[in-house]
Structures are given as structure tokens and as C-alpha cells.
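To start, the structure under review is shown below, and the notes come after it.
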2 protein chains.
Amino acid sequence: MDLIYIITMKKNLHVNKALDLLKSSPLKVTSQRTRLIEILFKNGDHHFTAEDVHKEVDKNKYKISLATIYNCLNQFTKHDILKSVRLSSDKIYFDTNTKAHHHFFCVSTEKLSDIKSSDVEISNLPTIPKDKKLKSVEVVVNISD
Amino acid sequence: MDLIYIITMKKNLHVNKALDLLKSSPLKVTSQRTRLIEILFKNGDHHFTAEDVHKEVDKNKYKISLATIYNCLNQFTKHDILKSVRLSSDKIYFDTNTKAHHHFFCVSTEKLSDIKSSDVEISNLPTIPKDKKLKSVEVVVNISD
DNA sequence: TCTTAAATTAGAATTATTCTAATTTAATGT
DNA sequence: ACATTAAATTAGAATAATTCTAATTTAAGA
Ligand SMILES: [Mn+2]
Ligand SMILES: [Mn+2]
Ligand SMILES: [Zn+2]
Ligand SMILES: [Zn+2]
């Protein structure tokens with residue numbers, strides 16, 4: 001009994017944190033956005049494409065258009081509720097973990113997963129070309145079955 | 001005089017090396033493939049998309065269909081004459097440098113460039129999930145103007 | 001409650017890439 | 001040289017992820 005209660009609290013922590021980010025952003029709180037956040041954050045950190053979200057929306061019998069799903073994912077990304085990961089040349093992945101971190105990418109399953117930050121250590125970075133500025137460093141460890 | 005001669009030799013070295021790879025592959029040596037290799041390798045290591053190649057083909061007044069350009073780039077990649085780099089979610093980049101190496105990606109210009117291998121040192125890699133095997137490790141340093 | 005800027009939506013458009021199916025060509029054997 | 005055949009080339013259609021358009025609805029403040 002107590003155990004189940006604790007697990008329920010954990011799920012809501014992620015959802016509530018994301019809902020708080022939404023509320024403190026300039027974005028309006030709509031039913032579509034609330035439902036998307038509930039879907040995306042209920043299971044803690046993970047990675048998904050727009051199509052994954054579309055399927056989950058259908059499964060929950062919500063009716064949110066694909067255009068809205070794309071709009072929301074992009075706006076959430078712009079306002080640091082989500083992060084986007086581009087590595088596949090034909091799909092954008094979204095990530096509930098907005099902190100800088102690195103990824104495993106399984107080329108067989110096309111699934112992304114986080115690498116614990118402490119598990120990658122870059123001891124030497126190249127000097128950035130003189131006229132450019134550094135944006136981010138992304139390590140992708142490609143794996144397969 | 002001598003200097004110009006040396007530079008000309010250098011260009012041909014890259015082209016000839018790629019042509020040798022083509023000849024020793026199971027692919028047939030066609031005029032389209034020969035011309036593409038001349039275009040792609042004449043200036044040493046660089047990075048390009050299919051559309052870049054299409055423009056350069058037009059500029060040289062060759063008539064090679066876009067389908068053939070895609071076919072060739074993909075087959076060259078399969079036979080280690082080229083390497084493909086996937087990072088943009090909407091374009092495949094091809095690379096004349098087939099050795100494992102890392103990249104700068106300028107988000108302003110959408111141009112890729114090589115990082116000297118000795119300029120990136122990864123001192124700690126995560127353990128690969130038990131049921132998976134390592135394919136490659138790719139570091140992308142995103143920069144901007 | 002009124003107003004208005006923002007959000008949602010269906011469907012069309014865009015764009016990189018792949019596919020199809022007909023034609024041409026390279027390479028091999030006679 | 002000529003015939004055979006598998007591979008290559010090609011135009012154009014198809015695909016698929018994403019964005020755009022323009023009409024409608026809604027959230028939130030006055
Ligand atoms: Mn695509
Ligand atoms: Mn696209
Ligand atoms: Zn992640
Ligand atoms: Zn490169």
C-alpha cells in the first residue's frame with residue numbers, strides 16, 4: 001500500500017515539474033498541452049518521436065491533432081521543457097531530460113537512451129575555429145543488437 | 001612551375017585513390033561514377049550533401065540524374081569509398097574521409113568540418129548495455145557564427 | 001462579459017530520399 | 001566482333017517527416 005503510494009508520487013513529480021515549467025513559460029496552459037505533458041512525463045526520463053507521441057495520444061483516446069503535437073513539441077523545446085536530439089537524418093527525437101548529456105543510439109531498434117554524465121569523460125576538446133562560438137558537445141555511442 | 005605541378009599531383013592522388021577503390025570494388029566503372037569521383041575527390045577531404053553534388057554536376061555541364069547521384073553516393077558509402085554522417089534530421093552528409101573521426105557542425109552555415117583526431121580525447125567511455133555491441137563513437141561539436 | 005492574441009486544426013505543401021519500371025551499358029564468353 | 005546478361009541509369013512517381021496555411025476556437029486579462 002505505502003509502496004504503491006510512493007511510486008504514484010514519483011510519477012507526479014516529473015509531470016508536476018513539467019507543468020510548473022509550462023505555467024511559468026509564456027505559453028498558455030491548454031488541455032492539449034496539459035495532456036501531452038502528462039503523457040510525456042509520467043514515466044520519467046525518456047526519448048520519443050512525434051509519431052510515438054501520436055500513437056500514445058490515440059491509445060489514451062485523446063484527440064489532439066498531429067499538427068498540435070508538432071507545434072507543442074517544438075514550443076516545449078524552445079522553452080526548455082523538452083530537448084531535441086538530431087542524429088538520424090530522418091526523425092527528430094525529443095528528450096524529457098533537458099540537461100546536457102550524451103546518448104546511446106541503437107541502430108537496430110532506433111532507440112535512444114541516456115548515458116550517465118559521469119560515464120563519459122572528454123579530456124581534450126579541439127580549439128573552436130576563431131570566428132565561431134561553441135554551442136554544445138554531443139557524444140553518440142552507436143550500438144546494435 | 002614546379003610548385004603548380006606538385007599541387008596538381010596532390011589533387012590527382014585523392015582522385016586516383018578513390019578510383020582505385022572503385023576498381024577494386026564489385027561496382028562497375030561507369031562514366032557517371034568516374035565523373036562523380038573526380039568531382040568529389042578533386043579537392044581533398046570534404047563534406048557534402050546529395051544536393052551539393054547535384055549543383056556541382058550541373059556546373060560542370062555533366063548530365064547525371066539525381067537518382068544516379070543518390071545511388072552512387074549510397075553505393076560508394078557501402079563500399080567504403082565514402083562515409084555518411086547523420087546528424088541533421090533532414091539531410092545526409094557524405095564525407096570523403098572514411099576513417100573514424102569527429103566533426104564540428106556549424107548550425108549557422110550547416111557545414112561540417114573535420115576535427116583532427118588527436119584533438120579529441122575521450123578518457124572514459126560508458127559500459128555498453130550487456131546485450132548490445134559497440135558500433136562507433138561520434139562526437140559532434142556544435143558551433144555557430 | 002468583451003476583446004484579442006494565441007492555440008488548434010484539417011488538409012495542403014515542402015523536401016529529402018527512395019522506389020519503379022523501362023532503357024542503356026559494361027563486362028564476359030563465344 | 002557479337003551475343004548474352006546482370007548491373008547501371010533514368011524520369012518520374014511514391015514516400016514520409018515536418019512545416020505551412022488559413023479558418024476556427026479558446027485562454028486569459030480588461
Ligand atoms: Mn525523409
Ligand atoms: Mn524533411
Ligand atoms: Zn537523453
Ligand atoms: Zn569528416
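Computation of the quantities below employed the complete heavy-atom set of this structure, encompassing side-chain atoms and omitting hydrogens, waters and symmetry-equivalent molecules. Order of the sequence lines sets the chain letters (A, B, ...), proteins ahead of strands, with each chain counted from 1.
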Between [atom2] of [N] and [atom1] of [X], the distance in whole Å:
| X | N | atom1 | atom2 | result |
| --- | --- | --- | --- | --- |
| A:Gln32 | C:dA10 | CD | C1' | 14 Å |
| B:Arg35 | C:dT25 | CZ | C1' | 14 Å |
| A:Ile69 | D:dC20 | CD1 | P | 18 Å |
| A:Asp90 | D:dT19 | CG | P | 13 Å |
| B:Arg86 | C:dT17 | CZ | P | 8 Å |
| B:Ile37 | D:dA8 | CD1 | P | 13 Å |
| B:Leu66 | D:dA13 | CG | P | 15 Å |
| B:Arg33 | D:dT10 | CZ | P | 11 Å |

Which nucleotide in [options] has an atom nearest any side-chain atom of [X]:
| X | options | result |
| --- | --- | --- |
| A:Lys28 | C:dA6, D:dA6, D:dA11 | C:dA6 |
| A:Ile92 | C:dT8, D:dT18, D:dT9 | D:dT18 |
| B:Tyr70 | D:dA17, C:dT18, C:dT8 | C:dT18 |
| A:Thr68 | C:dT8, D:dA8, D:dT9 | C:dT8 |
| A:Ile64 | C:dT9, D:dT9, C:dA16 | C:dT9 |

> When we call it a touch if two heavy atoms are under 4.0 Å apart, what does B:Thr30 touch: a base, just sugar-phosphate, or nothing?
Replying inline: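 Sugar-phosphate contact only - B:Thr30 comes under 4.0 Å of backbone atoms but never of a base.
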> For B:Asn74, which contact category applies under a 4.0 Å heavy-atom criterion: base, sugar-phosphate, or nothing?
Replying inline: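 Answer is sugar-phosphate: B:Asn74 comes under 4.0 Å of backbone atoms only.
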>> Heavy-atom count check: over 12 atoms from other residues, nucleotides or ligands less than 6.0 Å from B:Lys83 NZ?
In response: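 Yes.
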>> If you assign A:Ala67 and B:Ser31 each to the DNA chain C nucleotide with the nearest heavy atom, which residue ends up on the more 5' nucleotide?
In response: A:Ala67
> Side chains of B:Asp95 and B:His103: do they bring a donor and an acceptor to under 3.5 Å?
Replying inline: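 Indeed, the side chains of B:Asp95 and B:His103 share at least one donor-acceptor pair under 3.5 Å.
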> Judged by atom type as modelled, is there a donor-acceptor pair below 3.5 Å linking the side chain of B:Asp119 to the main-chain atoms of B:Ile115?
Replying inline: no
> Thinking salt bridges, do A:Lys42 and A:Glu56 make one under a 4.0 Å N-O criterion?
Replying inline: yes
>> Any carboxylate oxygen within less than 4.0 angstrom of a Lys/Arg side-chain nitrogen, looking at B:Lys91 and B:Glu51?
In response: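 Here B:Lys91 does not pair with B:Glu51 in a salt bridge, since their nearest N and O are not under 4.0 Å apart.
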